[in-house]
Amino acid sequence: MSYQLPVVEAASLTKRFGDVAAVDGLSFALQQGTITGFLGPNGAGKTTTLRMLLGLAEPTSGRAAVFGERYALLQRPSHRVGATLESTDFHPGRSGRDHLRMLALAGEIERSRVEEVLRTVELEGAAGRRVKTYSLGMRQRLGLAAALLGDPELLILDEPANGLDPGGVRWLRDFLRAFAAGRRTVLISSHVLAEVAQTVDQVLIINRGRLVVESSLEDLTGRASASVRVRTPDRYTFADALGRAGIRFSTGGDDTLVAYRTSAEQVGDLAFAARVPIHELGVERSSLEEIFLGLTAEPVA
């Protein structure tokens, strides 16, 4: 089934807590069959946005919609949207299997789906154990199993790779790609930028509740300039020169700075003009992490 409307849509979405705007005029749209990475530093408003999409928080203004409707208006929502939020809780004395059975009963889902999703997330061997004995990675798998119970068309996942070992991360990547290949849609909030780069086909980057970038991953990495790493004993003077030139940068150890979306020639000219000695200068290929830092870096005083 295809949808003329976006699967997920935010239109001028705003959420205020007193005088603080956690989400500020955020607008984006996700189409069917895509995997989108939802990125931003801590406190950027990612989880608040997901909560508004899922009807767990009321927008101050604007609109949050899935399949063209507010989540609360969806018919049998667990059959259309599956979600895991970082704050998901489990009853510690209940087994993983019983946890899923309770959710299936509440969502009017066939009990047979419990065993199916346990096999899907490779948790059937531990399904009889109490959840309090589960590792963080096992809890992540159980949360994903719960999201899959209704065989949804949309998955909204908050930090799904958190706690997974390398094998688990690879399994999650392969699963999400197969899920989206069936014309289903995935929205992932994550800080594991290297993993996101191997999983998603488009990215949303927000900072301080506002949209910074909405782009395909290929376009974003293709158009971004390489970063320039500089080592200088006069780091503070050079940081001031970069700031005056409007170049975003971050600081590292060993008297280094990394300047984003610029060139070695421009950096060298700035150092010469500022009479700053350069002990090392190198151009590095832009990765998603570097682009992310460059777009969300705060000014350094």
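By convention here, the first residue in the shown sequence is residue 1. Heavy atoms only: backbone and side chains are in, while hydrogens, waters and symmetry mates are out. Just so it is clear, the model here is predicted, and its values are computed rather than measured.
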Exercise. Taking all non-hydrogen atoms of both residues, which atom of D234 and which atom of P277 are closest, and how far apart?
Worked result: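 Residues D234 and P277, closest heavy atoms: CB-CD, 4.4 Å.
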
Problem set entry | Shortest non-hydrogen contact from A147 toward A83 | CB-N, 3.5 Å

Problem set entry | L105 CG to R111 CZ distance, which is reported to the nearest 0.5 Å | 9.0 Å

Exercise. Between F28 and F38, how do the two ring planes meet: parallel, tilted or perpendicular, split at 30° and 60°?
Worked result: tilted

For this session: For residues S78 and L149, determine if any side-chain heavy atom of one lies less than 4.5 Å from a side-chain heavy atom of the other.
Result: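 They are not in side-chain contact.
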
For this session: With the side chain counted from C-beta on, respond yes when F175 and V186 share a heavy-atom pair under 4.5 Å apart, and no when they do not.
Result: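 Contact flag for F175/V186 side chains = no.
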
For this session: Start with the C-alpha distance between L13 and M52, add both sets of side-chain angles, then the distance that settles side chain to side chain contact (heavy atoms under 4.5 Å, CB included), and finish with yes or no.
Result: CA-CA 9 Å; L13 191 60; M52 287 190 285; 3.7 Å; yes

Problem set entry | Any donor-acceptor N/O pair, T251 side chain to L257 backbone, under 3.5 Å |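 Checked: no pair found.
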
Exercise. Do D158 and S189 have side-chain atoms, one donor and one acceptor, less than 3.5 Å apart?
Worked result: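 Judged by distance alone, the side chains do pair up.
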
Exercise. Quick one: does S250's side chain get under 4.5 Å of V258's, heavy atoms only?
Worked result: yes

Anything under 3.5 Å between a donor and an acceptor, one on a side chain of residues 116-129, the other on a protein residue two or more places apart or in another chain? List them.
| unit_1 | atom_1 | unit_2 | atom_2 | d |
| --- | --- | --- | --- | --- |
| E116 | OE1 | R113 | NH1 | 2.9 |
| T120 | OG1 | E116 | O | 3.0 |
| R129 | NE | T133 | OG1 | 3.3 |
| R129 | NH2 | T133 | O | 3.0 |
| R129 | NH2 | T133 | OG1 | 3.3 |

For this session: Give the intermediate values and the outcome of side chain to side chain contact (heavy atoms under 4.5 Å, CB included) for residues L217 and D201.
Result: CA-CA 5 Å; L217 182 64; D201 43 45; 5.8 Å; no

For this session: Examine the side chains of H91 and R94 and answer whether a donor and an acceptor come within less than 3.5 Å of each other.
Result: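 Distance-only check fails for H91 and R94.
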
For this session: Kindly say whether L30 contributes a backbone atom to a donor-acceptor pair with the side chain of Q202 at under 3.5 angstrom?
Result: no

For this session: Could you list all the salt bridge (Lys or Arg N to Asp or Glu O under 4.0 Å) pairs where at least one residue sits in residues 11-22, not counting sequence neighbours?
Result: none

Exercise. Does any non-hydrogen side-chain atom of L154 lie less than 4.5 Å from one of V8?
Worked result: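 Result yes, sub-4.5 Å side-chain heavy-atom pair found.
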
Exercise. If we only count heavy atoms from C-beta on, is the L148 to D151 side-chain gap below 4.5 Å?
Worked result: no

Exercise. Any sub-3.5 Å donor-acceptor pair from K46's side-chain atoms to L39's backbone N or O?
Worked result: no

Do any side-chain atoms of residues 238-247 form donor-acceptor pairs under 3.5 angstrom with protein atoms, and if so which ones, sequence neighbours left out?
| unit_1 | atom_1 | unit_2 | atom_2 | d |
| --- | --- | --- | --- | --- |
| D240 | OD2 | R244 | NE | 2.8 |

Exercise. Which heavy-atom pair separates V228 from A264 by the least distance, and what is that distance?
Worked result: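 Smallest heavy-atom distance, with atoms named: CG2-N, 3.7 Å.
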
Problem set entry | Where at least one partner belongs to residues 55-71, residue pairs that pass side chain to side chain donor-acceptor pair (under 3.5 Å), sequence neighbours excluded | none

For this session: Kindly give the heavy-atom pair with the smallest separation between L142 and G96, and that separation in Å.
Result: CD1-O, 3.8 Å

Problem set entry | Greater than 12 external heavy atoms within 6.0 Å of R101's CZ | yes

Exercise. Are side-chain heavy atoms of L187 and L155 found at a separation under 4.5 Å?
Worked result: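 No. Closest side-chain heavy atoms not under 4.5 Å.
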
Problem set entry | Intermediate values then yes/no, side chain to side chain contact (heavy atoms under 4.5 Å, CB included), L204 and V213 | CA-CA 6 Å; L204 296 169; V213 166; over 6 Å; no

Exercise. In Å, rounded to the nearest 0.5 Å, how long is the span from CD of Q31 to CD of E9?
Worked result: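 Taking CD in Q31 and CD in E9, the distance rounds to 9.0 Å.
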
Problem set entry | Residue pair S27 / S12: nearest heavy atoms and the distance that separates them | OG-N, 2.7 Å

Problem set entry | More than 12 heavy atoms of other groups within 6.0 Å of Q198 CD | yes

Seminar exercise, completed: For residues 21-41, the salt bridge (Lys or Arg N to Asp or Glu O under 4.0 Å) pairs (sequence neighbours left out) are D24-R210

Problem set entry | Smallest separation among heavy atoms of V200 and I35, with atom names | CB-O, 3.5 Å

For this session: Please determine if R184 forms a cation-pi arrangement with F179, meaning its NZ or CZ atom is less than 6.0 Å from the six-membered ring centre and no more than 45° off the ring axis.
Result: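 Yes - R184 lies over the ring of F179, closer than 6.0 Å to its centre and within 45° of its axis.
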
Problem set entry | Minimum side-chain heavy-atom gap E280-V230 below 4.5 Å |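 E280 does not reach V230 side chain to side chain.
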
Exercise. Can you tell me how far CD of E214 sits from CG of L26, rounded to the nearest 0.5 angstrom?
Worked result: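 L26 atom CG to E214 atom CD measures 9.0 Å (nearest 0.5 Å).
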
Exercise. Roughly how far apart are L157 CG and I188 CD1, rounded to 0.5 Å?
Worked result: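 Here the interatomic distance stands at 6.0 Å.
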
Problem set entry | Flag side-chain contact, heavy atom, 4.5 Å: T14 against V23 |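 They are not in contact (no side-chain heavy atoms under 4.5 Å apart), so the answer is no.
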
For this session: Give a yes or no on whether L74 and L56 share a hydrophobic cluster (residues Ile, Leu, Val, Met, Phe, Trp, Tyr; joining criterion: side-chain heavy atoms under 4.5 Å apart).
Result: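 Result: yes, single cluster for both.
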
Problem set entry | ILVMFWY network linking M102 to M138, side-chain heavy atoms under 4.5 angstrom | no

Problem set entry | Under 3.5 Å: donor-acceptor pair, side chain of Q140, backbone of N162 |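 Indeed, once roles are kept as given, a pair shorter than 3.5 Å links the two residues.
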
Problem set entry | Check against side chain to side chain contact (heavy atoms under 4.5 Å, CB included), V66 and L54 | CA-CA 8 Å; V66 289; L54 294 168; over 6 Å; no

Problem set entry | Donor-acceptor contact below 3.5 Å, side chain T34 vs main chain T36 | no

Exercise. On the ring face of F67, is R80 found with NZ or CZ under 6.0 Å from the centre and within 45° of the axis?
Worked result: yes

Would you be so kind as to tabulate the donor-acceptor pairs closer than 3.5 Å made by side chains of residues 163-172, with sequence neighbours excluded?
| unit_1 | atom_1 | unit_2 | atom_2 | d |
| --- | --- | --- | --- | --- |
| D165 | OD1 | G167 | N | 3.3 |
| D165 | OD1 | G168 | N | 2.6 |

